[in-house]
Student: 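To start, I am sharing the structure in question, which I have written as structure tokens.
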Amino acid sequence: MNQDMKGQEEIVDLTSFEFNKSNILVLNGPWEFYWKQLLTPKDFQQKEDLPGKSLVNLPGLWKGKLVNGEKPDNMGYATYRLQVIASPYGDLLAIKVPKLYASYKIWINGRLKVACGKVGTDRATTVHRRKSHTLPFKLQESGKTEIIIQVANFYHKNGGISKAPSIGCFRAFVKREESSVIAETMLLTSLVLMGLAFLFLYSLWRKDKAVLYFALFCLFWAYRAISDHYAPLVDIMPFLSWEFNTKLEYISLFFGSLAGCLYFNKIFKKNAYPRYNALVFWAILSFAIVTLLSPDTWFTYYLLPFFVVMLVNFVYITTIVIKSMIDKNPASWYAVAGILLGVIVFTSHMFIFYAQRDSLISYINIGYLGFFFLSATLLGVRFSRAFFKLEMLQGQTFEQKEELKTQADMLKVVNDQMVHQKEMLQEKNEEIKSINKYLEHTISERTSSLRRTNKELDMFLYRASHDLRRPISSIMGIDQIARMTVKEKEALDLFKKVQNVVQAMDMMLKKFISISEIYNHKIQFTEIDMNTLKSVITNQAAYYGKINNIEDYQLDIYGADSIFSDLFIINKITTYLIENSFMFASSPGSEKLKISITFKENGPLLSLIFSDNGDGIKKEIIDKIFNMYFIGTVKSNGNGLGLYIVKKAAEKLGEDISVESQKGGGGTTFCITLNKNK
């Protein structure tokens, strides 16, 4: 818990402050200030009252301050000094110095603790670096602690100490940084994995640039995340100048924002304005070019106008999303949820930044992770709609093929009737033959094209679903590690929400894979041992019982010792019928869930009768439950694909499928008849 320093004395009394693993004090009171003097502990040992001394409150910038009758500019150098006295404390204490827009050197109790960059008296002798440090120290026997900070700024528009240092138990800082590192690692790993996965996906199928824009959005934001906290290039290549590193950080912000704008404009292209899209592109590109060409004393002023442009763009994106909602675009709801989450997270981030509440930054990173997952869901909805449209196109093409075949048959009859007029109508007959050949060629080309397109999309859906599951699996693993490491209840609740979102996405991808597998499955009839089948079905019920928190249920399976059918098809049907039963089980406190599965053979036919005592289905929607993406009740937490997969699997061998149900706990019975010789 952060606390603010109170009092106006030059020696701050902290004897009443309790140092422990949670309390941290922000040293934001008055400090001794020596403008254009670089003083060391030896200078204060020789003479306590040095000339030029004044008092300034931290945090605070130099510009506009009245110091000994002089108003300092942004550029310059100075020394800050604070003396505190605290009660005896046996453990290590620490001073946390946030990232400053300047170079600095810090002494604690006469010992030089850190030098960030090089402190000088002019631009030529000053080397800027921007990095935070946690400086441990042991409290002296007298309880008195002296903190001296030399600061020099000849580059940035904000000269001075923009964030006050804080003091506390060293283990308190370590504990806070551990939580922050876990959250930041989750965010960084997720963004990099998603970015690389979607970039690889785009390399395989370049027809949708939204995939490319989202990949770049993730990767640029990942660099922003790592550069803001760890400043990797500074540690790896210390010879790089502060100007180069800062420009790279600014340009990654610009291009990341540009990729995000292009992504949302592409997703909602139907409602977007093409000219505005070009305007945003050139505006952000202009910021990047001007930043690249400007001297370091200029480009730090460009962030504010850039944020104004982004605010206008945010209003524009919100407008096109609202228009998309009016047009009943299902993806717009995910976009609205992402925008609301983004506003909450960004506003909270600004509060934490200015209020110096760094202990909450891990929650902000989890919020950003949720925003990117909601944005990625837009692509999932986009892929599913494309697959649905392709299926409709396939049906329409088949109908056209039948129509063309009928026309060809009619022409053939006419041709037979005119055989006896062969000599007189030879020229007409040749023309009809040419037409027939043209029609046959057209049919052949369309059929071949359809097969290639269908195979390509099916392969894309299958590979895309597998590739998308890799980063999701990684996130699940990271989530498990985080929940074993982090003990705070609020953080664990947030990790649980992340786990629920990831599991929902994983189940949706599994269903996409099942659809692809059913389409490509080659029927193989085998003798299926009933004991083996019972074991498979029992495991399915246990899995969905665990997911839906239903442990008390009854599962009965009836049938002969063995049946003759396709095990893959039987498995798909029972899997998603069981999922449906657990999802729509009666409310807690009612009769426990009962499921009955019966297999009956009658000559060439196999009947599968599936019954449960769940909520039941309304009569007015019973004809729609097998439609893709149909969700008939607010109780459903699925995506409308389960019963659609049951229907598609049954059609592979199906003769008939019927449903009987009674709403209000009457239960539901599915009767599926399969042909053993199909």
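In this text the structure is predicted, and so the values were computed from the model without any measurement. Along the sequence shown, residues carry numbers from 1.
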Student: Please name the pair of heavy atoms, one in N74 and one in N153, separated by the smallest distance, quoted to 0.1 Å.
Tutor: O-ND2, 3.0 Å
Student: Could you check whether the rings of Y250 and F254 sit parallel, tilted or perpendicular, using 30° and 60° as the cut-offs?
Tutor: perpendicular
Student: Taking the side chain as everything from C-beta on, heavy atoms only, tell me whether S103 gets closer than 4.5 Å to V127.
Tutor: no
Student: One pair to check against side chain to side chain contact (heavy atoms under 4.5 Å, CB included): L82 and L27. What are the steps and the verdict?
Tutor: CA-CA 9 Å; L82 180 69; L27 301 174; 4.1 Å; yes
Student: Rounded to the nearest 0.5 Å, how far does CD1 of I147 lie from CZ of R81?
Tutor: 11.0 Å
Student: Under 3.5 Å, is there a donor-acceptor pair between the side chain of S252 and the main chain of F220?
Tutor: no
Student: Check whether any side-chain heavy atom of I149 lies under 4.5 Å from a side-chain heavy atom of T79, and answer yes or no.
Tutor: no
Student: Partners of T15 by side chain to side chain donor-acceptor pair (under 3.5 Å), sequence neighbours excluded?
Tutor: D13
Student: Report the residues that fulfil side chain to side chain donor-acceptor pair (under 3.5 Å) with T125, sequence neighbours left out, ordered by chain and then residue number.
Tutor: D122
Student: Within the distance-only criterion (no hydrogens, no angle test), does the side chain of Q37 pair as donor or acceptor with the backbone N or O of P51 below 3.5 angstrom?
Tutor: yes
Student: Please test L219 against L199 for side chain to side chain contact (heavy atoms under 4.5 Å, CB included), starting from the C-alpha separation and ending with a verdict.
Tutor: CA-CA 10 Å; L219 293 176; L199 198 62; 4.3 Å; yes
Student: Please step through side chain to side chain contact (heavy atoms under 4.5 Å, CB included) for the pair F173 and S166, ending with a clear verdict.
Tutor: CA-CA 10 Å; F173 288 110; S166 52; 3.7 Å; yes
Student: Mind checking what makes ring-ring contact (aromatic ring centres under 6.0 Å, His included) contact with F44, not counting sequence neighbours?
Tutor: Y34
Student: Is there a side-chain contact between F19 and I24, using heavy atoms and a 4.5 Å cut-off?
Tutor: no
Student: Would you say P305 and F287 make side-chain contact, with heavy atoms under 4.5 Å?
Tutor: yes
Student: Just wondering, do I148 and T40 contact through their side chains at under 4.5 Å, heavy atoms?
Tutor: no
Student: Can you find a heavy atom in the side chain of L14 that is under 4.5 Å from one in the side chain of S87?
Tutor: no
Student: Can you list everything that forms a side chain to side chain donor-acceptor pair (under 3.5 Å) with Y213? Sequence neighbours excluded, please.
Tutor: none
Student: Nearest 0.5 Å, please: how far is CG in L258 from CG in L216?
Tutor: 9.0 Å
Student: Could you pull out all residues at least two apart from I108 that satisfy side-chain contact (heavy atoms from CB on, under 4.5 Å)?
Tutor: I95, I106, K113, L135, F137, T145
Student: Provide the closest heavy-atom pair for E146 versus P41 in the form atom of the first, atom of the second, distance.
Tutor: OE1-CB, 4.4 Å
Student: What are the two closest heavy atoms between F255 and L285, and how far apart are they?
Tutor: CE2-CD1, 4.0 Å
Student: Could you walk me through whether V97 and V114 pass the side chain to side chain contact (heavy atoms under 4.5 Å, CB included) check?
Tutor: CA-CA 10 Å; V97 184; V114 70; 5.8 Å; no
Student: With no hydrogens and no angle check, is any side-chain donor or acceptor of T126 less than 3.5 Å from a backbone partner on G120?
Tutor: yes
Student: Please name all residues satisfying side chain to side chain donor-acceptor pair (under 3.5 Å) with K144, sequence neighbours left out, ordered by chain then number.
Tutor: Q83
Student: Indicate the ring-plane relationship of Y77 and F154, choosing parallel, tilted or perpendicular according to the 30° and 60° boundaries.
Tutor: tilted
Student: Indicate the atoms forming the closest heavy-atom contact of S257 with I284, along with that distance.
Tutor: C-CD1, 4.4 Å
Student: State, with a plain yes or no, whether a side-chain heavy atom of L292 is found less than 4.5 Å away from one of V290.
Tutor: no
Student: Please round to the nearest 0.5 Å and tell me the distance separating atom CG of L25 and atom CD of E18.
Tutor: 13.0 Å
Student: Please tell me whether Y104 and H133 have a donor and an acceptor in their side chains that are separated by less than 3.5 angstrom.
Tutor: yes
Student: Which atom pair, heavy atoms only, marks the closest approach of N109 to K138?
Tutor: ND2-O, 4.1 Å
Student: For the NZ atom of K175 and the SG atom of C169, what is their distance to the nearest 0.5 Å?
Tutor: 10.5 Å
Student: Say you draw a straight line from CH2 of W31 to OH of Y80; how long is it, rounded to the nearest 0.5 Å?
Tutor: 9.5 Å
Student: At their closest point, which heavy atom of S132 faces which heavy atom of K96, and how far apart are they?
Tutor: OG-NZ, 3.8 Å
Student: Nearest 0.5 Å, what's the CD1-CG distance between I85 and L139?
Tutor: 9.0 Å
